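A quick write-up on the structure given underneath.
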Amino acid sequence: MTEKIDIVEMFLRDKLKEKEILRILEVPETHLNLYADKFGGRQILEKRYVVVRPKSASDVAKIFEVVKNFDYSVIPVGGATGALVSGGILPTKNKVVFIDTRSMNKILRFDPDSQTVTVQAGVKIAKLQAFLKVRGYWTPILPGSFRQATIGGAVCTNAISPFSTKYGRATSIVTALQIVFPNGKITEIGNKTSFDNSIMLKDFFLSSEGRLGILTEVTLKVYPFPESRKVAMFGFKNINSAISTIIELRNFGIQPETLMILEKERVIYEALQNVSLNSELNYAIFIFVSYSGSKGFVASLLNHTISLVKKRKGVKLPDKIAKNYWKNLTKGYALPVMRDVSNEELRVANLRYNSVRIGIPLHKLPIFLSYERKIRAKLDMLVYVGTSSYILLPQADSLCVSGCLIDDSSKIAVEQFKTWERKLLQKAKRIGGSLCAATGLGSMYNEFAVTEFGDSLESFNLIKRTLDPWKILK
Ligand SMILES: Cc1cc2nc3c(=O)[nH]c(=O)nc-3n(C[C@H](O)[C@H](O)[C@H](O)COP(=O)(O)OP(=O)(O)OC[C@H]3O[C@@H](n4cnc5c(N)ncnc54)[C@H](O)[C@@H]3O)c2cc1C
């Protein structure tokens, strides 16, 4: 029996090459295996869809030209690493054309004078970092998913990276974009500097998660590799001492490239491979820092930090622990490595990881963490693996990533996770925070859109209706 060919697919075949049209969306196996599926995303992803792999902006324009004549939606997808995390790319109906950007994978221009590189949006972050490395450069965009995630996916979710403390997020690193709008118009915004006064139009698209247009090219800042980089981890008896140390560090004028606050569970979970447990773990909360620059300057920054830590009765942990943590943070796919539970044991127990990602002012972190403990006490099927907080300086804002392992084949466990997540998101909003502050407000978080955006949702919808009157994009 010949397989029924979708009408949209027939028209697309007319415009694009045969091999650019597929029926299966490729999602990295690692994510399907490691991530707990809270919303039935795996089943949705197994269905057959029309998947198109354009090679250029003009191919994307041709796709819009076809799709706008039918009752179909278009969903852009990069590395598909957001799928089970935020649900950014999950369709809500069957009539969907996925624009899989991974064939737009060319590095177009490297310009050391302006310290920029221009790439097609489907270039994987790992590929770009490797290209830059042999030229003595790097870029601070490095989410944990960087081996599979694309530059386009990372910038339009405004991804967080360990280097965001100093270099900020995509909005501070990206200088120009090429976008294809649903009417087929190919538009360039920005230039090669971080000065952009075009009513900050670029930033508007940098967190749009594919709702307003498809990014086809991205220009971003690159930096020469530093002469020296040093990491360190410090233990504190309580969260307030850790926060005071950070504020003092900031007021002193010290700017780490990476600064994180970690709960003890996170240290056990991510930094203790091949290190024996010892008295350092009597501490409740940990600060992790990384400094880069000239050798002498980095050494003096570290010495200043140690003296500020001592003032608050903190201790420096053995270097091996800090180095383990750094390796996990920057090598990709750190999860889920636990000291006492091997990956194999996790698989047998059917435990998978998922997290809640919330932006809150640093001073509110103690309230948030104690609330988290209170609500979790009633949820016995969650294996808590701790909260790690990325700190932005000088703003003193924190992005909390609170993680759990759950058996996602158990309805009760999944419901408990959702209850935990919902309560944390509501609490975050009450203390001035932002929901799903990294990875975007994907389709799994639709119910929170009104809470997050309030009245501004109406303005956004107005803009969306103007750019996408056919309602093609999600
Ligand atoms: C193991 C793991 C670790 C992670 N670590 C981090 C982390 O450290 N920091 C972080 O912020 N996130 C993290 N994430 C979440 C996610 O990987 C990131 O948001 C990532 O940057 C998404 O890139 P992607 O190419 O996979 O995008 P996708 O998942 O394919 O897409 C994400 C969203 O962007 C849209 N989109 C993709 N490409 C385009 C385009 N060219 N034009 C318009 N819209 C587009 C999609 O429609 C979707 O809404 C992690 C995920 C995993 C699985």
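When a ligand or atom number is given, it counts from 1 through the structure's own listing order. Just so it is clear, the structure is predicted and the values come from calculations on it, not from any experiment.
- Of the options L399, D100, L215, the smallest heavy-atom separation from atom 41 (N) of ligand 1 is shown by L215.
- In terms of N/O distances under 3.5 Å, ligand 1 is not approached by V77.
- Residue A121 touches ligand 1 through its side chain alone, judged by heavy-atom distances below 4.0 Å.
- Heavy-atom proximity to A154, at under 4.0 Å, picks out these atoms of ligand 1: 21 (O), 23 (O).
- Note that K185 lies outside the cation-pi zone of F64, set by a 6.0 Å cut-off to the ring centre and a 45° limit from the axis.
- Here K221 pairs with nothing under the salt bridge (Lys or Arg N to Asp or Glu O under 4.0 Å) rule; sequence neighbours left out.
- The distance criterion of under 3.5 Å between nitrogen or oxygen atoms is not met by A83 with respect to ligand 1.
- In this view, D468 and K464 satisfy the salt bridge (Lys or Arg N to Asp or Glu O under 4.0 Å) rule, not counting sequence neighbours.
- In terms of polar-atom proximity, G79 is counted as a contact of ligand 1, with an N or O under 3.5 Å from an N or O of the ligand.
- The aromatic ring centroids of Y325 and F286 lie 6.0 Å or more from each other.
- Close contacts of ligand 1 with T150, meaning ligand atoms under 4.0 Å from a residue heavy atom, involve 24 (P), 25 (O).
- E415 has no carboxylate O lying under 4.0 Å from a charged side-chain N of K411, or vice versa, which leaves the two without a salt bridge.
- When G213, A159, C156 are ranked by how near their heavy atoms come to atom 35 (C) of ligand 1, first place goes to C156.
- Y35 and Y353 have their aromatic ring centers within a separation under 6.0 angstrom.
- For K230, the NZ atom counts as loosely surrounded, since its 6.0 Å shell holds 12 or fewer non-hydrogen atoms of other residues, nucleotides or ligands.
- In T157, the part holding a heavy atom less than 4.0 Å from any atom of ligand 1 is the side chain.
- Nearest-residue assignment for atom 22 (C) of ligand 1 (options T81, L212, L32; heavy-atom criterion): T81.
- Near G82, the atoms of ligand 1 lying under 4.0 angstrom from a non-hydrogen atom of the residue are 29 (O).
- The shortest N or O to N or O distance between P76 and ligand 1 is under 3.5 Å.
- For F70, the CZ atom sits in a packed shell: over 12 heavy atoms of surrounding residues, nucleotides or ligands are nearer than 6.0 Å.
- Taking the centre of each ring, F163 and W326 come in below the 6.0 Å mark.
- Contacts with ligand 1 closer than 4.0 Å are made by side-chain heavy atoms of T101 only, the backbone lying farther away.
- Residues Y49 and Y72 place their aromatic rings such that the two centres sit no closer than 6.0 Å.
- Of all the atoms in ligand 1, the ones that sit under 4.0 Å from a non-hydrogen atom of G78 are 25 (O), 28 (P), 30 (O), 37 (C), 38 (N).
- Between atom 52 (C) of ligand 1 and the options S145, G144, A80, the minimum heavy-atom separation is to S145.
- Near G88, with a cut-off below 4.0 Å to any heavy atom, the atoms of ligand 1 are 48 (C), 49 (O).
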